[in-house]
Structures are given as C-alpha cells and as structure tokens.
Peer 1: 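Sharing a structure here in structure tokens format.
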Amino acid sequence: MINFQYLRTTTAKSAIALLGKDKNAKFLAGGTNLIDLMKRGVTAPEKLIDINHVPLKQIRQIGNKIHIGALASNTAVADHPLIKEKLPLLSRALQAGASAQLRNVATVGGNMMQRTRCGYFYDIEMPCNKRQPGTGCGAMEGFNRMHAIFGTSEKCIAVHPSDMCVALIALDAEVILANAKGERKLSFKDFHRLAGDTPQLDNNLKADEMIIGLEIPTNNLAKNYHYLKVRDRASYAFALVSVAAAFEIVNNKITDVRLAMGGVAHKPWRLTASEIFLKGKEASLTNFEQAAQLAMKDAKSFGGNDFKLKLAPNTIIEALNLAKSKA
C-alpha cells in the first residue's frame, strides 16, 4: 500500500472543497469496498477525506417523499420504522445484502459508489478493462458464472453487486448531488452506467461532486412486495440473480407495478417492458410468466452463466408470486 494523506471534515461544504483540490482524493465513509481495493492494489488514492462526521444521516419524510442522508448506515435505513412502513421493499433488499457487520458500517452513499466488479478486476495480474482500460476482459473467455446477461459490451461483462440499488431503481428514487456550485438531482436510473466503451466509469457522478442523499416518492406498494435473492449461500454472498417486485392491486387488477433485477447487468436493471405489460392485468401466474419472458429479450450469456437464461425468468415469476401471496 502506498502512503496517503488522511483528512477529516465535518461539513459537506468543506468535504467538497477538499475534493476539488486533489483529483486523486477519495471520500471515506464505511470503507467496506474502498479499503478492500486499496489493500489489493486495485486503487491507490493519495488522499482520503473522512466524511463520517458530516451530518448526513437523517431519515425523514417531507411531503410525499422520504429523504435519506448519504451517510445513513444500511442497518439504520433497513431498521427504521418509516422505511419499514412506507418502503418495505427497500428494507428487505438491504437486509439481503452483505452481512450484519458490514451493514452496520456501510453507508447509503457508499453502497451506491461500490465498484461494479468481478474476480478479474480484483486480480491485478489479470487483464481487466475496468481496472486498466485497453488490457482486455478476462471474463469474456474465462470464468464468467457470476457475470451479466443484459446490457453487456465487449469491454466488460461484470455485474453491479448491490441489493439496495435494485430496490432504489424500482422505487423511482432520485439522487441529490452537490459540488461547489450547488446541488442537482439525478434520477436513480441514470446514476449508474452500462459498461459500453468506458467500463472504467461505473456512474455519472462528476469528479467534483458528493452524494448528499436520496429522495424516494411514497407509493401504494407497501402491501404486495418481495425482494428475492438467489445466491450460492444464505448470507454474505452476491446475487446470481435477484428481483425486486412490488405492485398495487385494485379490483383484482394491477394498477401500479415495479420490477427490477440485480446480478444480471453492469447496473441495476429495470424491467420496464414487463411493467407495462402487467399494468391493468390480473395478478395471475400466466401473466407473470409472460412478463418474465418479455424481460428476457436481448439477454445474452457467455458460457459459464448460461444457466441465468433460465434462472432469471424463474426468479421473476417466483418474486411476483411471493409479492402476490402477501395480499
């Protein structure tokens, strides 16, 4: 590990000012991903700006939106009465992530900022366009069991590992960002990027910006919802496939529906076509099966992850059935 400078700040304004002075600086919150990457030699920031004492841990409702500060811990959000009542899909997704110890220190902003990655990214002896652009994608012809089936490129087929972010894209969250010039809002669906020709870029956060928090509109999806995570072991494992499913039923018809997937793309993957198909229809197994097949349009596997072409639609159907069973 190279030497680095450690700074601590107590306000967002000063944190942003410190970031602007050094393009090789990084914010340090929970550090559950960043410290790993530093230990393995994947990243080597010259300056760490500790923002844990910045007052961005609030969780509250203002009007018809739930506000969550970027430094609220994953545990605090998952266990908060307001989240469990108004946004239970988010609570369930957070509880499915990592381990209890990691959730206690990992923050909302850090969860969003964790690198889209795979084993080739972590191994500095292997080719990886994300870690070192132009070296190739080792996973393309290598071990790719965990890898993407949607939105892939020849440059990278890694998947975004977050469970929280799958729920947030389904819930139409907005991200509040700030720099020295002020704040801006960005739809959560536009925060993360597909790999394309620039797999080294995981998101659309500007170099001088800081995540301040999230705004999530309230909804009528707190009754019929489910977050289903299929993984190799019951805890502390990334998803092979995950599905966030929620819908509202009025007079036996689906009036609102949200579907998103994890473990299948370089970013959280919203199933818009499936949502459009289900809206106005009965919550039946036949309709769930058709929605799942629609979701698989343009899916592509790479050998080791061929099983996902069957696992993914089956997981969608099961998640929708489990959401319906809560009625």
Side-chain angles (χ1 to χ4, degrees), residues 29-40 42 59 68 71-81 83-84 87-123 139 143-149 158-171 192 225-246 259-269 304-305 307-308 310-312 314-323 325-326:
T32 56
N33 184 216
L34 176 60
I35 301 302
D36 272 353
L37 297 176
M38 292 174 66
K39 287 179 177 179
R40 294 180 183 230
V42 177
I59 303 169
I68 301 174
L71 292 175
S73 74
N74 288 189
T75 295
V77 177
D79 292 345
H80 197 282
I83 303 301
K84 294 173 79 171
L87 303 171
L89 180 65
L90 175 58
S91 176
R92 189 174 183 95
L94 281 163
Q95 290 168 349
S99 65
Q101 293 92 335
L102 287 173
R103 293 194 297 270
N104 285 343
V105 295
T107 63
V108 169
N111 192 318
M112 293 166 57
M113 288 297 295
Q114 66 178 304
R115 296 304 306 268
T116 297
R117 58 198 187 270
C118 75
Y120 292 94
F121 175 73
Y122 270 121
D123 188 342
F143 185 77
N144 50 42
R145 180 173 177 268
M146 299 291 293
H147 289 69
I149 57 174
V159 297
H160 194 269
S162 173
D163 295 290
M164 178 194 79
C165 291
V166 180
L168 288 174
I169 196 172
L171 293 169
H192 295 101
Y225 69 92
H226 195 77
Y227 185 78
L228 180 58
K229 182 177 183 178
V230 181
R231 47 187 163 176
D232 288 323
R233 56 181 182 266
S235 180
Y236 197 49
F238 291 144
L240 295 167
V241 171
S242 65
V243 175
L259 277 173
M261 298 186 76
V264 295
H266 194 266
K267 60 181 287 185
W269 195 251
N305 65 351
F307 69 95
K308 288 193 179 186
K310 184 174 182 179
L311 178 62
N314 287 345
T315 306
I316 294 169
I317 295 165
E318 181 68 4
L320 286 166
N321 274 325
L322 289 169
S325 70
K326 287 184 169 67

Peer 1: Salt bridge between Lys84 and Asp79, side-chain N to carboxylate O under 4.0 Å?
Peer 2: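 No, this pair does not count.
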
Peer 1: Go through the structure and list residues passing side chain to side chain contact (heavy atoms under 4.5 Å, CB included) with Lys308, not counting sequence neighbours.
Peer 2: Ile149, Val241, Asn305

Peer 1: What pairs meet the salt bridge (Lys or Arg N to Asp or Glu O under 4.0 Å) rule with one or both residues in residues 110-120, with sequence neighbours excluded?
Peer 2: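 Listed once each, the pairs are Arg115-Asp202.
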
Peer 1: Report the residues that fulfil side chain to side chain donor-acceptor pair (under 3.5 Å) with Asn111, sequence neighbours left out, ordered by chain and then residue number.
Peer 2: Asn74, Gln114, Ser162

Peer 1: My understanding is that only residues two or more places apart in sequence, or in another chain, count here; which of them pass side chain to side chain contact (heavy atoms under 4.5 Å, CB included) with Ala148?
Peer 2: Thr152, Val159

Peer 1: Yes or no on side chain to side chain contact (heavy atoms under 4.5 Å, CB included) for Thr107 and Thr32, after CA distance, side-chain angles and deciding distance?
Peer 2: CA-CA 9 Å; Thr107 63; Thr32 56; over 6 Å; no

Peer 1: Please enumerate all residues that pass side chain to side chain donor-acceptor pair (under 3.5 Å) together with His226, with sequence neighbours excluded.
Peer 2: Lys326

Peer 1: Under the rule for salt bridge (Lys or Arg N to Asp or Glu O under 4.0 Å), what residues qualify as partners of Arg145, not counting sequence neighbours?
Peer 2: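 For Arg145 the salt bridge (Lys or Arg N to Asp or Glu O under 4.0 Å) partners, ignoring immediate neighbours, are Asp232.
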
Peer 1: Going by side chain to side chain donor-acceptor pair (under 3.5 Å), name the residues that satisfy it together with His160, two or more places apart in sequence or in a different chain.
Peer 2: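 Side chain to side chain donor-acceptor pair (under 3.5 Å) check on His160 returns His192.
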
Peer 1: Got a donor-acceptor contact below 3.5 angstrom from the Arg103 side chain to the Ala106 backbone?
Peer 2: no

Peer 1: Not counting sequence neighbours, which residues clear side chain to side chain donor-acceptor pair (under 3.5 Å) with Thr75? List them please.
Peer 2: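 Once residues adjacent in sequence are excluded, the partners of Thr75 under the side chain to side chain donor-acceptor pair (under 3.5 Å) criterion are Asn104.
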
Peer 1: Could you tell me if the side chain of Phe307 sits less than 4.5 Å from the side chain of Leu240, heavy atoms only?
Peer 2: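 Result yes, sub-4.5 Å side-chain heavy-atom pair found.
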
Peer 1: Would the distance check show the side chain of Ser73 and the main-chain N or O of Val105 forming a donor-acceptor pair, the cut-off being under 3.5 Å?
Peer 2: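 Looks like no, no N/O pair under 3.5 Å.
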
Peer 1: Please identify each residue that fulfils side chain to side chain contact (heavy atoms under 4.5 Å, CB included) with Ala167, with sequence neighbours left out.
Peer 2: Leu89, Leu90, Ala93

Peer 1: Tell me, please, whether Tyr227 has Arg92 positioned over its six-membered ring: NZ or CZ under 6.0 Å from the ring centre and within 45 degrees of its axis?
Peer 2: no

Peer 1: For Ala265, what residues pass the side chain to side chain contact (heavy atoms under 4.5 Å, CB included) criterion, not counting sequence neighbours?
Peer 2: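 Residues passing side chain to side chain contact (heavy atoms under 4.5 Å, CB included) with Ala265: Phe150, Trp269.
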
Peer 1: For the OH atom on Tyr236, are there more than 12 heavy atoms of other groups (residues, nucleotides or ligands in this structure) within a distance under 6.0 Å?
Peer 2: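 No, not enclosed.
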
Peer 1: Could you give all pairs that pass the salt bridge (Lys or Arg N to Asp or Glu O under 4.0 Å) test and reach residues 233-242, with sequence neighbours left out?
Peer 2: none

Peer 1: State, to 0.1 Å, how close Tyr122 and Leu37 come at their nearest heavy-atom pair, and which atoms those are.
Peer 2: CE2-CD2, 3.3 Å

Peer 1: Taking all non-hydrogen atoms of both residues into account, name the closest pair between Val77 and Ala72 and its distance.
Peer 2: CG2-CB, 3.8 Å

Peer 1: Does Lys310 offer a backbone N or O that forms a donor-acceptor pair with the side chain of Asn314 under 3.5 Å?
Peer 2: yes

Peer 1: Are the side chain of Ser91 and the backbone of Pro88 linked by a donor-acceptor contact shorter than 3.5 Å?
Peer 2: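 No, because the side chain of Ser91 does not come within donor-acceptor range (under 3.5 Å) of the backbone of Pro88.
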
